[in-house]
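In each ligand, atom 1 is the first atom listed, and ligand 1 is the first ligand listed. Treat the numbers as computed from the prediction; the structure is a model and nothing was measured.
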Amino acid sequence: MVFRATILTLYPEMFPGPLGVSLAGEGLKTGLWSLESRQIREHGLGRHRAVDDTPAGGGPGMVIRCDVLAAALDAAVEADDTRPRLLMSPRGQPLQQARVRELAAGIGAIIVCGRFEGVDQRVIEARGLEEVSIGDYVLSGGEIAAMVLLDACVRLIPGVMGKDHSGDEESFEGGLLEYPHYTRPRDWEGRSIPDVLTGGNHAEIARWRRAEAERITRERRPDLLKG
Ligand code: SAH
């Protein structure tokens, strides 16, 4: 059973976009995961297939209607579909690697991309949407946020990154940021690769990397050490 992503969006032509190239794209072509993007507007109302309306209580912008989005969701959900239903939203739980791992280990996700001022609160509650944020800034729509989430998940699917790559040593995996990397040439513009990395002592290399990861995390993200 492969990881199946279903996207609900007003811009299905944005997908697969960047997910169609490189390792994620290869995985898509070879069936290691699948992606379906569905047009919310197909469930829009009237001759103009309207999906949004003015906010109750006044104020700027437009809000995606609960009845339209619910119809789009209900049409996308299959019988016995237990995939998590996510709504990309700046008000959501900030996305972290632990949630990415959980999602990637699962059967896939249904992901709603908001636009305008967002979506009517009632559909979030009635369809049990889990709001997920990709960071403390506001995008113009949920599509790029959904791509960020999917990219993070898809690279963890077995086979997508190739055999050797476990991801175990990467940033966040051990609660730390990653140690610095070097490759050839050994000397460049007066800077050389730290001697320990070219000395061949693997225990020493592991110790150095651990110490560097701790130092960098302490300097840049002391909040990660509190956990
Ligand atoms: N008025 C809203 C912002 C709407 S932005 C507010 O102030 O909270 C339009 C859409 O872009 C949202 O519905 C959401 O789907 C998406 N979006 C914007 N910023 C996002 C973020 N940081 N993470 C995830 N999705 C985001």
heavy-atom search around atom 23 (N) of ligand 1 in the protein gives I134 N, 3.1 Å
Tell me which one of G59, P90, A146 gets a heavy atom nearest to atom 26 (C) of ligand 1.
P90
Quick one: list whatever passes side chain to side chain donor-acceptor pair (under 3.5 Å) with R38, sequence neighbours left out.
E36
Nearest non-hydrogen protein atom, atom 2 (C) of ligand 1:
E117 O, 3.4 Å
Write out the residue and atom name of the closest protein heavy atom to atom 19 (N) of ligand 1, then the distance separating them to 0.1 Å.
L139 N, 3.0 Å
Under-4.0 Å salt bridge between E173 and R101
yes
Top protein contact for atom 9 (C) of ligand 1, by heavy-atom distance:
F116 O, 3.3 Å
Considering only non-hydrogen protein atoms, determine which one is nearest to atom 14 (C) of ligand 1 and report residue, atom name and distance to 0.1 Å.
M88 O, 3.1 Å
Electrostatic pair R99-E130, nearest N-O below 4.0 angstrom:
yes
R186 and S192: side-chain donor and acceptor closer than 3.5 Å?
no
Could you tell me whether the side chain of I40 reaches within less than 4.5 Å of the side chain of V68, counting heavy atoms only?
yes
Which protein heavy atom lies closest to atom 13 (O) of ligand 1, and at what distance to 0.1 Å?
G114 CA, 3.4 Å
Within the structure, does A145 bring an N/O atom to less than 3.5 angstrom of an N/O atom in ligand 1?
no
Residues at least two apart in sequence or cross-chain that pass side chain to side chain donor-acceptor pair (under 3.5 Å) with Q121, listed by chain then number, are R91, E125
Of all protein heavy atoms, the one nearest atom 25 (N) of ligand 1 is S89 N, 3.2 Å
Pair R83, T6: side-chain N/O donor-acceptor within cut-off below 3.5 Å
yes
Would you say atom 7 (O) of ligand 1 makes contact with the protein, given that contact here means a non-hydrogen protein atom less than 4.0 Å away?
no
Element-labelled atoms of ligand 1 that are located less than 4.0 Å from some non-hydrogen atom of G118
13 (O)
Mode of V132 contact toward ligand 1 - side chain, backbone, both, neither (heavy atoms, under 4.0 Å)
backbone
Less than 4.0 Å between a side-chain N and a carboxylate O, is that true for R85 and E131?
no
Heavy-atom distances under 4.0 Å decide this one: backbone, side chain, both or neither, for S133 against ligand 1?
both
